[in-house]
Amino acid sequence: SNTVRRNIYTELLKKLDEKNIIQYQQDFTNLDYRIQLQGTHYAPAFTDLVRFYEFTWYGKWQPGAKHFALIKEKFETFNGQLY
(Lines give C-alpha, C1' and ligand atoms only; values in the text may rest on other atoms or scores of the structure.)
Protein backbone atom coordinates (compact mmCIF):
# COMPACT_ATOMS: atom_id res chain seq x y z
CA SER A 1 0.00 0.00 0.00
CA ASN A 2 1.03 3.63 -0.37
CA THR A 3 1.17 4.01 3.40
CA VAL A 4 3.79 1.25 3.61
CA ARG A 5 5.82 2.94 0.87
CA ARG A 6 5.60 6.30 2.60
CA ASN A 7 6.67 4.74 5.90
CA ILE A 8 9.73 3.16 4.28
CA TYR A 9 10.75 6.55 2.88
CA THR A 10 10.02 8.45 6.10
CA GLU A 11 12.03 5.95 8.13
CA LEU A 12 14.94 6.45 5.75
CA LEU A 13 14.80 10.23 6.26
CA LYS A 14 14.70 9.79 10.04
CA LYS A 15 17.69 7.45 9.95
CA LEU A 16 19.64 9.91 7.79
CA ASP A 17 18.83 12.60 10.34
CA GLU A 18 19.83 10.42 13.32
CA LYS A 19 23.19 9.76 11.68
CA ASN A 20 23.63 13.52 11.07
CA ILE A 21 23.75 12.99 7.31
CA ILE A 22 20.79 15.31 6.68
CA GLN A 23 18.76 17.69 8.78
CA TYR A 24 15.16 16.41 8.77
CA GLN A 25 12.31 18.89 8.96
CA GLN A 26 8.64 18.19 8.27
CA ASP A 27 8.33 21.11 5.88
CA PHE A 28 11.39 20.18 3.80
CA THR A 29 10.85 18.86 0.30
CA ASN A 30 12.57 15.94 -1.36
CA LEU A 31 14.64 18.50 -3.26
CA ASP A 32 15.80 19.99 0.05
CA TYR A 33 17.13 16.58 1.08
CA ARG A 34 18.72 15.95 -2.30
CA ILE A 35 20.50 19.33 -2.01
CA GLN A 36 21.76 18.41 1.47
CA LEU A 37 23.24 15.20 0.06
CA GLN A 38 24.69 16.83 -3.04
CA GLY A 39 28.35 15.97 -3.45
CA THR A 40 28.23 13.02 -1.04
CA HIS A 41 28.55 9.39 -1.99
CA TYR A 42 24.93 8.97 -0.84
CA ALA A 43 23.53 11.32 -3.50
CA PRO A 44 23.14 8.98 -6.52
CA ALA A 45 21.39 6.17 -4.63
CA PHE A 46 19.24 8.61 -2.66
CA THR A 47 18.13 10.30 -5.89
CA ASP A 48 16.99 6.90 -7.21
CA LEU A 49 15.11 6.17 -3.99
CA VAL A 50 13.39 9.57 -4.12
CA ARG A 51 12.35 8.83 -7.70
CA PHE A 52 10.80 5.50 -6.69
CA TYR A 53 9.02 7.17 -3.80
CA GLU A 54 7.69 10.02 -5.93
CA PHE A 55 6.45 7.66 -8.66
CA THR A 56 4.48 5.64 -6.12
CA TRP A 57 3.30 8.41 -3.83
CA TYR A 58 2.65 11.32 -6.18
CA GLY A 59 2.41 9.50 -9.50
CA LYS A 60 0.12 6.81 -8.11
CA TRP A 61 2.27 4.11 -9.72
CA GLN A 62 1.40 0.79 -8.14
CA PRO A 63 4.33 -1.59 -8.57
CA GLY A 64 3.54 -5.27 -8.48
CA ALA A 65 4.92 -7.48 -5.74
CA LYS A 66 8.07 -8.24 -7.73
CA HIS A 67 8.89 -4.57 -8.38
CA PHE A 68 8.03 -3.59 -4.83
CA ALA A 69 10.39 -6.26 -3.48
CA LEU A 70 13.21 -4.88 -5.66
CA ILE A 71 12.55 -1.32 -4.56
CA LYS A 72 12.34 -2.33 -0.90
CA GLU A 73 15.65 -4.15 -1.28
CA LYS A 74 17.23 -0.94 -2.66
CA PHE A 75 15.99 0.96 0.41
CA GLU A 76 17.34 -1.74 2.74
CA THR A 77 20.72 -1.78 0.95
CA PHE A 78 20.96 1.99 1.24
CA ASN A 79 20.04 1.83 4.93
CA GLY A 80 22.75 -0.76 5.48
CA GLN A 81 25.37 1.53 3.99
CA LEU A 82 24.69 4.47 6.29
CA TYR A 83 27.44 5.34 8.76
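Other residues, nucleotides and ligands contribute only 12 or fewer heavy atoms inside 6.0 Å of the CZ atom of Phe55. Lys72 NZ: 12 or fewer foreign heavy atoms inside a 6.0 Å radius.
Smallest separation of non-hydrogen atoms from Gln23 and Gln36: N-OE1, 2.6 Å. When all heavy atoms are compared, the tightest approach of Asp27 to Asp32 is O-OD2, 4.5 Å. Closest of all the heavy-atom pairs between Lys74 and Phe52 is CD-CE1, 3.4 Å.
Legend: residues meeting salt bridge (Lys or Arg N to Asp or Glu O under 4.0 Å) with Asp48, ordered by chain and number and at least two apart, are Arg51.
Proximity of Leu82 to Phe78: side-chain heavy atoms (C-beta onward) are separated by under 4.5 Å at one or more points. Leu49 is not listed as a side-chain neighbour of Tyr53, based on a closest heavy-atom distance of 4.5 Å or more.
Put simply, OG1 on Thr47 and CG on Asn30 are 10.0 Å apart, with the number rounded to the nearest 0.5 Å. Atom OG1 in Thr56 sits 6.5 Å away from atom CD1 in Ile71 (nearest 0.5 Å). For the atom pair Leu13 CG and Gln26 CD, the distance stands at 11.5 Å (nearest 0.5 Å). From Ile21, atom CD1 reaches atom OG1 of Thr40 across 8.0 Å, with rounding to the nearest 0.5 Å.
Results of the ring-ring contact (aromatic ring centres under 6.0 Å, His included) test with Tyr33 over Phe28, Tyr9, Phe46 single out Phe28 as the only residue that passes.
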